[in-house]
Structure formats: C-alpha cells, structure tokens
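Everything below concerns the one structure shown next.
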Amino acid sequence: MQQHRIVVLGAGYAGASAAGRLARRLHRQDVALTLVNAEPDFVERVRLHQLAAGQELRPRPLREMFGGTGVEMRVARVTAVDVDRKTVAVTGADGAAREEIAYDTLVYALGSQWDHGGVPGVAEHAHDVASRAGALRLRDRLAALAAGRPVVVVGGGLTGLETVTEIAEARPDLAVALAVRGALGDWLSAKARTHLRTVLDGLGVTVHEHADVTSVEADRVTTARGADLPSDATVWTTGFAVHPLAAATSLRLTDAGQIAVEATTMRSLSHPDVYAVGDAAVTAGPGGKPLRMSCASGTPMAWQAADAIAARLTGTRVPRIPIRYYQQCVSLGRRDGLIQFTTADDRAVERALTGRPAVLYKELVCKGAAWAVAHPTLGLPTRRRRGAVRTVATEGRTEGRTEERAQGRTEGRTEERAQGRTEGRTQGRTQGRTEAGV
C-alpha cells in the first residue's frame, strides 16, 4: 500500500495549522505529510511591528513545533507549482539545486506580501512590515536615524496603526507622522475613534487625513493634493497582495489573484486535488462578504481544509467549522490598545475595549494564535483515522484513490458526529477569544 502524499506549501498561521491538524487527523502509515517553508522558524506576523521597533521576538523553530507529529519539514523556497503534473518545484534555502516534490493532495498556503499598489517610488524607497526580512530592514533604518528625523507611516488600517504607535513609543525622539487616505479610523465606533486620537496625540504622532500618497522618494512622500511630507523612513502599510506564484498556474483565480475555493472545504473550484487557505484563497463569509486577509480568517480556513481532506481520505463526514468575526484587536504601543468588537461579518459595533485591559486582551489573542498553530485541534483528544490508500496509474498520471475500511465504519461515523458537536462548540468559543481579532 502506497502512502497518500500531502504537501503543504507555506508555514504561516494557515499552512502550519493545516499541517498540524492533518497530522492529528490521519494515520502516519496512510499518509506522507510534507510541510515546505522558506524559513526554519514560524513567524508571528501579527508581531512584526514590534520587531521593526527594536523588540526581540521569541524564536519558534518549526522542526520543534512539529517534532513527533510525523510531519516532514522541508526548508526550501517554492519556485513553481504544476497542478496538472501534480508537482512542486523548490530550491533549498542555501540556493541548492532545483528539485521536484510530487503530491496527491496539495494545500496551498503561500500567503501574501506587501502591496505597493503600483505607486511610484514605493518599491525603491519604502519599507514594509509584511515579512520578517522587511521588519528587520526597517529596524536597521530606524536605528540609524538621528533624533528629530521624520518618519511617515502610510496607511490607516490595523497594520498602519500598530506600526506608527509602536515606532512613536519606542522612538519618542523622532518626528513620526501617519498619512491616511480617508478619515482616521473611519471604520471604528465613535468610542474607539476618540480613544485612537487620544493615544496618537499623547505619542506625538502627526496625523494627515485625506492624504492619498501618490509617490515616494528617498526623503519625502507626495500626496494627491500636492503636499510634500518629509520622510527619512517611509513605511508602506496600505494592504497586502497575494503571492504571485498562483498566477503562473492553471488554477482558477479571482481578479485579485486569490485561488477560488469551495466555502465548506477550501477545495479549488478548478482542481479537486488542490486546497487553498489563508490569504492565498478567497471565499464568502458571513453575509456573503469575502473573508478579509487575516489570521482571523486563515486559521479556521485551515481547520476546515484539513478536516475536509481527512474526511475525503477516510470516508467520513466533513465537519463544518464556522468562520465569523468577533473583534478587531489593535495594539497601540506596549502600554495601550483598542479592541473593536464587531458583527459576524466584521462591521464595528459601538462596544469597544480600551487602555490596559485592551493590552492584556490583545496579548492573549497573539499568544493564543501562536498556541493554536502548535495545537491545531485546540487540545481536544483526536483519533487518527485509517484509510486504505492505494495509487493507480491513469493516463500516465498517478492519482490517489481512497477506500474506507469496512471495519470500524459505524463506530467512526458515530464518533465523528459526537466529536464534531463537542469540538465545534469548543472551537467557536476558543476562536472568539484567541483567533478572530488578529
């Protein structure tokens, strides 16, 4: 009996969660599970603004996180995906020769990167906090600035707010400014907007509202109204763009380049052997609205995909993981914060948590998100289900075919129903506390 080969690309919140959950759902004798990531460590993306401001983050080696799970960790850079031949091309982290990894099932979780939006000068002169490398480059640049030098953060979303407050708190000697396209915090409740302005004023941040930045140079940014804002370090946080690799495949994509998937399984609409999770994929959430790029979306998407794959390979029912939003969590430096509670479809309600309680809340969310990656079944007991997997050659291609074992079929389905009820309730509560606001 040949093992069914599952390859997971990317070990961010979504990819690492999917790999870990699959390892705990399927029997090691039945599947060969490989996780490919360009870096050896799990990167807490939601803390990269802290790294940029000079703080050190706890290292989280992936080999330690997945030690003893049966997941084979490959530190390599993905250079191509051939969804028709069902292969992935990679090169080693040290630039080693190109090789191919064959798969029967692929989980695509290569995520996103910073989006310069085609604005002139951004790629050449701006910094980002969308990757560890980008955050470290920004940290080095900030460390080189003398007192009084100007820094401009462009973008008034969650990343922009966290970055500008972190820098202003860590370096009160710099002239820190924030440029936002519309009104400051225009998606927040009145209480949250008031608190945000109070914190920014207290940190000495100059806010430029309705300042659509149209170009970036080494020493300034220019707005659509023709204003020049001096800047020795410009940080671009206006949004994220998906990894470009999917565009080079025959996968069905959206106009934004995300992989189109089924809402209940995260399975590609064009290639049933491919599942996509996290920022790399898009599907409708509550109210029919597309899920936003975030840890709050990516982690339950990963759970859903892993459970759907396990169900397909073992012949059991696919449990449904509810994907909804509860809050948006914003750290405002190390001493203040903002928790904006939301509806299921991510619209702000009037209720908000501010100040020190919000700091503790956000820290719990960040720690919970990292903990959930290492414990993708949320600490609940699981049963690795057996599936008799054999491969057959069909028209020159190898396709995985799964047969459910007759023995234990009734028991397995009964346990699946019971576990689905218990786990669904527990995950819903845990997600509300630790996942949804990141």
Side-chain angles (χ1 to χ4, degrees), residues 45-46 48-49 112 114-115 117 119 128-130 152-166 168 177-203 205-213 223-224 235-241 256 258 279 282-300 323-333 336-355 357-359 361-362 365-366 369 431-432 435-438:
R45 196 179 196 184
V46 297
L48 288 180
H49 57 281
S112 61
W114 72 315
D115 183 11
V119 175
D128 75 276
V129 289
V152 175
V153 176
V154 181
L158 301 180
T159 303
L161 295 178
E162 293 194 323
T163 302
V164 74
T165 52
E166 205 74 50
L178 175 67
V180 299
R181 178 172 294 173
L184 177 66
D186 54 7
W187 80 96
L188 298 170
S189 65
K191 175 183 178 180
R193 288 196 302 271
T194 299
H195 183 73
L196 176 60
R197 288 188 182 276
T198 299
V199 173
L200 290 173
D201 288 344
L203 291 173
V205 176
T206 301
V207 179
H208 301 276
E209 297 182 84
H210 306 287
D212 189 5
V213 174
T223 71
V235 190
W236 196 262
T237 68
T238 60
F240 299 100
Q258 291 172 288
D279 293 355
V282 66
T283 190
K289 295 171 59 177
L291 297 174
R292 62 178 165 90
M293 291 184 178
S294 64
C295 174
S297 306
T299 300
I323 301 179
R324 59 151 296 165
Y325 299 103
Y326 296 89
Q327 67 267 312
Q328 295 177 6
C329 300
V330 191
S331 62
L332 302 174
D336 213 321
L338 169 63
I339 310 299
Q340 174 63 71
F341 295 100
T342 69
T343 59
D345 61 351
D346 211 28
R347 290 175 291 114
V349 299
E350 188 56 35
R351 190 162 63 99
L353 187 67
T354 61
V359 173
Y361 193 113
K362 173 64 187 294
V365 168
C366 291
Q431 180 183 352
E435 296 289 351
V438 181

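Note that the structure is a prediction, hence the values are computed from the model and not measured.
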Measure the shortest side-chain to side-chain distance between His208 and Thr223 over non-hydrogen atoms and say whether it is less than 4.5 angstrom. no

Within the 4.5 Å heavy-atom criterion, are Trp236 and Val154 side-chain neighbours or not? yes

If you define the side chain from C-beta out and look only at heavy atoms, does anything of Leu184 sit under 4.5 Å from Leu200? yes

Nearest heavy-atom approach of Ala344 to Pro286 is O-CG, 3.4 Å

On a heavy-atom basis, the closest approach of Val180 and Gly155 is CG1-C, 4.2 Å

Can you name the closest pair of heavy atoms from Ala179 and Val213 and give their distance? CB-CG2, 4.2 Å

Are Leu178 and Leu161 packed together at the side-chain level, in the sense that at least one heavy-atom pair is separated by less than 4.5 angstrom? yes

For the residue pair Ala183 and His210, what are the closest heavy atoms and their distance? N-CE1, 3.7 Å

With salt bridge (Lys or Arg N to Asp or Glu O under 4.0 Å) as the criterion, how do Glu162 and Arg45 come out once you've worked through the C-alpha distance, each side chain's angles and the decisive distance to 0.1 Å? CA-CA 12 Å; Glu162 293 194 323; Arg45 196 179 196 184; over 6 Å; no

Does the side chain of Arg351 come within less than 4.5 Å of Ser189's, by heavy atoms? no

What verdict does the side-chain contact (heavy atoms from CB on, under 4.5 Å) test give for Leu332 and His195, after you've listed the backbone C-alpha separation in whole Å, the side-chain angles of each residue and the deciding distance to 0.1 Å? CA-CA 10 Å; Leu332 302 174; His195 183 73; 4.1 Å; yes

What is the minimum heavy-atom distance between Ala192 and Ala352, and which atoms define it? CB-CB, 4.3 Å

With side chains defined as the heavy atoms from C-beta onward, is the minimum distance between Arg181 and Thr238 less than 4.5 Å? no

When you measure from the side chain of Gln258 to the backbone of Asp279, do you find a donor-acceptor pair of N or O atoms at a distance under 3.5 Å? yes

Are any side-chain N or O atoms of Ser297 and backbone N or O atoms of Met293, one a donor and one an acceptor, separated by less than 3.5 Å? no

Shortest non-hydrogen contact from Arg292 toward Asp346: NE-OD2, 2.6 Å

For Val349, does its backbone N or O pair with a side-chain atom of Gln340 as donor and acceptor, under 3.5 Å? yes

Using a distance-only test with no angle check, is there a side-chain donor-acceptor pair under 3.5 angstrom linking Trp187 and Gln328? yes

Under a 4.5 Å cut-off applied to non-hydrogen side-chain atoms, are His49 and Thr237 in contact? no

Does the pair Thr165 and Val205 meet the rule for a side-chain contact (heavy atoms from CB on, under 4.5 Å), with working shown? CA-CA 8 Å; Thr165 52; Val205 176; 5.6 Å; no

Got Leu338 and Leu188 here, is their nearest side-chain heavy-atom distance under 4.5 Å? yes

